[in-house]
Amino acid sequence: MRNSVLLLFVFIFIACSTHPYKSTNKVYKQKVKAYAKEIAALPKENPFSDSALLPQYWVGTTNFNLRKPTFVIIHHTAQNSCDQTLKTFTLPRTSVSAHYVICKSGVLHHMLNDYLRAWHGGVGKWGNQTDINSVSIGIELDNNGFEPFDSLQINSLLSLLDRLKKQYAIPSANFIGHGDIAPTRKNDPNYRFPWKLLAEKGFGLWYDENREPVPANFNHIQALRIIGYDVKDTSAAIQSFKRHFLQDTTKRINDLDKSVLNNLQKKYY
Ligand SMILES: [Zn+2]
């Protein structure tokens, strides 16, 4: 008995001392401490311009908490393994990160506290949101960009989304993909991603099977804008919409697309 306890301690010791990300976890802690210090400090300099009345002194309110994320952005990693992605997100020179990484096996890695800002969205726009990283949680799915998504991975994602939606009261419409917010630059998650299944579980919106006729004066660009797409490059926006809602990677709009768009836009009012 005593031997087995000893063995267990030796095992834990070895497991801890060989943690492959021990040193980057240390960097994470140092960074969090530095940010906490920054937030806790009382402002010293008066930041107001000449035209504003100067405040006499800083009055710290007693009533506040941390801001919550209101969007979830789903990605595929476009890399060849989970380990490769973990490595990428722990090298300072890459300047990219996400809150969560889910492997094909369904194993979930939490890489950043949900309240902190990860660097996953890049330049993107959704509706009037232009700083997606500030308002969102980024989830990366291990996938080289061409593969289907394994059910183990999707099940793990669904449990995570369930927790995030409840914890932060994230609206159903705000579960979207990287390709949705950056139509000219990104195509992730790839067209095989099961958005319909997600929508059925309350993560994202979906259109009706039985749809009303499309009015003669229907404006598909306006409909794309209502949903949230950046329509500066219209064919990129159409392609993005088709990838998400029709599992179609083409750029040209057809009657089916118009019917879906017409139906869908009303759900975003
Ligand atoms: Zn992405």
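We count ligands from 1, going down the list as the structure has it; atoms in each ligand are counted the same way.
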From His120, does some N, O or S atom reach closer than 2.8 Å to the Zn ion (ligand 1)? no

Only N/O/S atoms count here: what is the atom of His178 closest to the Zn ion (ligand 1) called? ND1

May I ask you to decide whether Asp83 forms a salt bridge with Lys87, counting only side-chain N to carboxylate O separations under 4.0 Å? no

Checking Thr24 side chain against Tyr21 main chain: does a donor-acceptor pair fall under 3.5 Å? yes

Kindly give the atom name of the N, O or S atom of Asp188 closest to the Zn ion (ligand 1). OD2

Out of the N/O/S atoms in His75, what is the name of the one closest to the Zn ion (ligand 1)? ND1

Nearest heavy-atom contact between Ser172 and Gly202 is OG-O, 3.2 Å

Would Lys267 and Asp208 pass as an ion pair if we require N to O under 4.0 Å? yes

